[in-house]
Engineer: 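Let me begin by handing over the structure; questions about it come next.
In listed order, ligands and their atoms are each counted from 1. We number each residue from 1, following the sequence as shown.
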Amino acid sequence: MPLINEIVNNKQQIQQWRHQLHSIPEIAFQEHKTADFVEQKLKNFGLKMYPRMAGTGVIASLSAGENKKAIALRADLDALPIIEKNNMHYCSTHKGMMHACGHDGHTSMLLGAAFYLSQHKNFNGTVYFVFQPAEENEGGGRKLVEEGFFKKFQIDAIYGMHNWPDLEVGKFAIRSGPVMAAYDVFDITINGKGGHAAAPHKTIDPIVISGAIIIALQNIISRQINPLDSAVISITKIRAGDSYNVIPETAFLSGTVRTFHPHIQKNIIKQLKHIVKSICKTYGATAEVEYQKRYPATINNIVETENAISAASEVVGDNNIIKNSPPSLGSEDFSFLLNECKGCYISIGNGSSASLHNSYYDFNDDILPIGVSYWVRLTQSQLS
Ligand SMILES: [Zn+2]
Ligand SMILES: [Zn+2]
């Protein structure tokens, strides 16, 4: 069974919402205009509205029939602090902010599904529409959980969807188990002894020590982690010194760690701290390591993955579903929701667009009816 005709016929409307949202991008927890827009639409569709959660998060529900079963469909509202370099008529009007991850498209697709389902009520149960803030960096999903989202609403399964550049239009990619990595960050301060660059023997040079640490940290990946497992350590910031002839007192390194399994994450944290402290000690310096776990790994449940595959197959055909697609070392705060409730996160092909978070990226409007049809088929098959 292909796309739902009525949704295809409503594409102009959904696309108009997407363009409107694209023109007013707002970053994490500041999605006020976006949330107002979404809330107004849902009210017009006649959905049951709830008080906002996680600041700017909009929650609504729609029930039909007697079935007590409930599912939640989640979209993300936020944009990124990027200057848009596109020149479509609906470009960002908010300077320095841009929908460069397609959350304008995700929000519009979920609005499209809410509209269709509110018109037809051709399902049996309750569907919650979750428009969460701050997917990028700030963990809006975590905030929803902390504010008791899953205590307030009895939800049997939660589903998420993200567009994926370079995956063809009309295809979905999915797998059960880990799909996105845990995202951690760290800051290292190396305290040496500053002095004249021409008399290094009278100093403890934190820059040379930084070099040793940067190389040694990669040995964690190549020599401490089973080669069949995946993990990444990237140093992404280095800061030290202001002059040609002064060895500075301190150096700062920052970076990120990505893992799929908690035991590997734990091992990396231990090794990272051990290596930094040991190298500093060897050179007579001291170090502080601040390590923060940001997002957990995103792990799809087996049954819900099957549910998502069968709904997507109804829309685009089984041969257009890439099952067992390789996981990404990127991260996603849908993980906080999946930690609390069974569910599944699926990727929808965005075609050959610029990559996510690129200043030339744009969500592909051609996939709007595909995503909306998927949400509707998933709702109908899970609430029947
Ligand atoms: Zn993103
Ligand atoms: Zn995103």
Engineer: Any luck finding a side-chain donor-acceptor pair between S254 and D187 under 3.5 Å?
Structural biologist: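 Yes, D187 and S254 have a side-chain donor paired with an acceptor closer than 3.5 Å.
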Engineer: With a cut-off of 6.0 Å (strictly less than), are more than 12 heavy atoms of other residues, nucleotides or ligands near CG of N87?
Structural biologist: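 No - once you tally the heavy atoms of other residues, nucleotides and ligands closer than 6.0 Å, there are 12 at most.
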Engineer: Could you please give the number of protein N/O/S atoms within less than 2.8 Å of the Zn ion (ligand 2)?
Structural biologist: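 Total protein N/O/S atoms under 2.8 Å from the Zn ion (ligand 2): 3.
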Engineer: With distance as the sole test, does E135 use its side chain to make a donor-acceptor pair with the main-chain N or O of G141 at under 3.5 Å?
Structural biologist: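 Checked: no pair found.
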Engineer: Could you point out which residue of E31, E39, E147 forms a salt bridge (charged side-chain N to carboxylate O under 4.0 Å, His left out) with R52?
Structural biologist: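 Exactly one pass, corresponding to E39.
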Engineer: Between D205 and T203, do the side chains contain a donor N or O and an acceptor N or O under 3.5 Å apart?
Structural biologist: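 Checked: T203/D205 side chains show no N/O donor-acceptor pair below 3.5 Å.
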Engineer: Tell me who clusters with F149, hydrophobic residues only, linked when side chains sit under 4.5 Å apart either directly or through other members.
Structural biologist: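 Y50, M53, I59, Y128, V130, L144, V145, F150, F153, I155, I158, V179, M180, Y183, V185, Y295, F334, F336, L337, L338, Y345, listed by chain and number.
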